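Beneath this line is the structure, given in structure tokens, with notes to follow.
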There are 2 protein chains.
Amino acid sequence: MNDKERRMMPLFSIGIVMKLTELTARQIRYYEEHKLIFPERTSGNQRLFSFNDVDRLLEIKKLLDNGLNLTGIKLLLDESDVEKEKLAKIRKSELTEKELRTILKNELSHPSKLGKTNLRQGELARFFSKH
Amino acid sequence: MNDKERRMMPLFSIGIVMKLTELTARQIRYYEEHKLIFPERTSGNQRLFSFNDVDRLLEIKKLLDNGLNLTGIKLLLDESDVEKEKLAKIRKSELTEKELRTILKNELSHPSKLGKTNLRQGELARFFSKH
DNA sequence: ATAATATGTTAGATAATCTAACATGCGTTA
DNA sequence: TAACGCATGTTAGATTATCTAACATATTAT
């Protein structure tokens with residue numbers, strides 16, 4: 001099991017997530033309803049959140065504070081996810097030479113957040129990592 | 001907030017801990033009853049476990065497999081905790097010269113697990129750390 | 001053979017969470 | 001200004017998860 005999988009493991013009940021994020025249950029469910037997070041469910045239909053989910057909620061909270069609405073936040077986070085995928089692939093060298101050239105070329109014409117602070121590890125992951 | 005505090009944060013319901021440890025609720029409660037673990041409680045009296053608690057449960061499970069009984073396990077874990085405290089103090093240089101000399105002298109006559117693999121970071125903590 | 005240990009199982013109570021509906025405050029727009 | 005949409009609050013009723021306590025059972029130690 002690698003870090004990515006660890007951060008995706010469904011671990012936390014909504015009660016804990018409320019404390020970790022200082023969001024209400026209503027808010028958390030509303031964000032799920034609008035497809036900003038995708039918590040797992042127990043066999044009895046209760047939500048189970050991962051580290052990633054909590055990170056995302058903290059990010060959502062911050063962006064709401066900054067005046068964005070849910071639609072904008074969804075766009076931002078989705079794009080951010082795409083960038084993260086790219087970075088992960090690059091790190092693991094899963095790209096062919098051609099793909100890599102395509103990405104880099106594209107990066108030159110439409111600079112994204114690839115490599116910027118935006119892509120550093122999530123708030124909560126840092127919170128719980130060891131160093 | 002440092003690592004020690006993070007690992008002590010009450011985060012997991014008993015249901016999650018059951019899955020993480022593959023222990024039954026009965027077993028987990030029994031070990032608490034016998035003072036091997038000390039999970040927190042919610043305001044509604046439901047148990048909340050920390051990383052440390054889960055680590056401890058995995059250790060207990062392993063030792064039971066190896067034929068120890070709860071009494072012996074408690075002794076081992078308690079002693080191990082003492083050693084960890086010593087190590088932590090040493091790391092943070094919270095010891096006077098005299099205390100340090102006392103520890104080292106004692107170490108020579110009654111070698112404990114100080115510094116041995118026994119004191120490496122807990123199973124779960126490693127499980128969830130980033131590298 | 002009996003006692004102790006560790007765990008299973010059950011019952012009944014309580015806590016936590018779920019969905020769905022309606023309410024509210026606050027900008028935005030017609 | 002009135003109507004609307006968005007984000008959130010609140011409530012009700014149902015369901016799931018967890019709790020304690022008691023009794024059952026299998027294995028181990030005396």
Side-chain angles (χ1 to χ4, degrees), chain A residues 9-78, chain B residues 9-78:
Chain A
M9 277 191 70
L11 290 175
F12 307 114
S13 70
I14 198 170
I16 290 296
V17 175
M18 289 172 64
K19 282 179 195 153
L20 290 175
T21 62
E22 297 181 275
L23 294 167
T24 65
R26 182 66 166 94
Q27 290 175 299
I28 296 168
R29 295 186 188 119
Y30 187 70
Y31 304 154
E32 180 190 18
E33 193 181 331
H34 289 267
K35 310 211 187 303
L36 295 171
I37 49 171
F38 308 90
E40 298 284 322
R41 300 287 182 127
T42 66
S43 58
N45 200 38
Q46 308 209 180
R47 270 166 267 255
L48 280 182
F49 300 81
S50 66
F51 281 113
N52 271 350
D53 291 325
V54 181
D55 273 348
R56 240 175 137 79
L57 286 170
L58 290 172
E59 192 67 20
I60 292 167
K61 194 183 178 188
K62 200 197 308 174
L63 293 172
L64 276 172
D65 269 356
N66 288 21
L68 292 220
N69 65 13
L70 289 200
T71 305
I73 294 173
K74 180 163 171 44
L75 280 177
L76 259 186
L77 291 186
D78 286 355
Chain B
M9 278 191 68
L11 291 175
F12 308 114
S13 69
I14 199 170
I16 291 297
V17 175
M18 289 172 64
K19 282 179 194 152
L20 291 174
T21 60
E22 298 181 273
L23 293 167
T24 66
R26 182 65 166 97
Q27 289 174 300
I28 296 168
R29 295 187 188 118
Y30 187 70
Y31 303 154
E32 180 191 20
E33 194 182 331
H34 288 269
K35 307 210 188 306
L36 294 171
I37 51 171
F38 307 90
E40 299 284 321
R41 299 289 181 125
T42 67
S43 58
N45 199 39
Q46 309 207 179
R47 272 166 267 254
L48 280 181
F49 300 81
S50 66
F51 282 111
N52 271 350
D53 291 324
V54 180
D55 273 348
R56 240 176 136 76
L57 286 170
L58 290 171
E59 193 67 21
I60 291 166
K61 194 184 179 188
K62 199 198 309 173
L63 293 172
L64 275 172
D65 268 356
N66 289 20
L68 291 221
N69 64 13
L70 288 200
T71 306
I73 294 173
K74 180 164 172 41
L75 280 177
L76 259 186
L77 291 185
D78 287 354

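Note that this is a predicted model, so its numbers are computed, not measured.
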Tell me: [atom1] of [X] to [atom2] of [N], nearest whole Å?
| X | N | atom1 | atom2 | result |
| --- | --- | --- | --- | --- |
| B/I28 | C/dA6 | CD1 | C1' | 14 Å |
| B/K74 | C/dT5 | NZ | C1' | 17 Å |
| A/I60 | D/dC6 | CD1 | C1' | 15 Å |
| A/M18 | C/dA16 | CE | C1' | 11 Å |
| B/L70 | D/dT28 | CG | P | 15 Å |
| A/I16 | D/dA17 | CD1 | C1' | 14 Å |
| A/H34 | D/dA7 | NE2 | P | 7 Å |
| B/N69 | C/dA3 | CG | C1' | 15 Å |

Do [X] and [Y] have side chains that approach each other closer than 4.5 Å (heavy atoms only, starting at C-beta)?
| X | Y | result |
| --- | --- | --- |
| B/L70 | B/L64 | yes |
| A/F12 | B/L11 | yes |
| A/E40 | A/M9 | no |
| B/I28 | B/T24 | no |
| B/H34 | B/K74 | no |
| A/L77 | A/I60 | yes |

Please list, one pair per line, the donor and acceptor atoms closer than 3.5 Å that link side chains of residues 14-22 of chain B to other protein atoms, with sequence neighbours excluded.
unit_1 : atom_1 : unit_2 : atom_2 : d
B/T21  : OG1    : B/V17  : O      : 2.7
B/T21  : OG1    : B/L23  : N      : 3.2

>> So if I take residues 35-49 of chain B and measure heavy-atom distances to DNA chain D, which residues fall below 4.0 Å?
In response: B/R41, B/N45, B/Q46, B/R47
> Tell me, for nucleotides 20-30 of chain C in 5' to 3' order, what letter each nucleotide earns: B for a base near a protein heavy atom under 4.0 Å, S for only sugar-phosphate near one, - for neither?
Replying inline: -----------
>> Taking the nucleotide of DNA chain D with the nearest heavy atom to each, does B/S13 or A/Y30 sit closer to the 5' end?
In response: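 Of the two residues, A/Y30 wins.
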> Considering heavy-atom distances to DNA chain C, does B/Q27 or A/I14 have its closest nucleotide positioned more toward the 5' end?
Replying inline: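 Closer to the 5' end of DNA chain C: B/Q27.
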> Is there a donor-acceptor pair closer than 3.5 Å between any side-chain N or O of A/R41 and the backbone N or O of A/L48?
Replying inline: no
>> Please check this pair: side chain of A/D53 against backbone of A/S50, looking for a donor-acceptor N/O pair closer than 3.5 Å.
In response: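 Looks like yes, one N/O pair under 3.5 Å.
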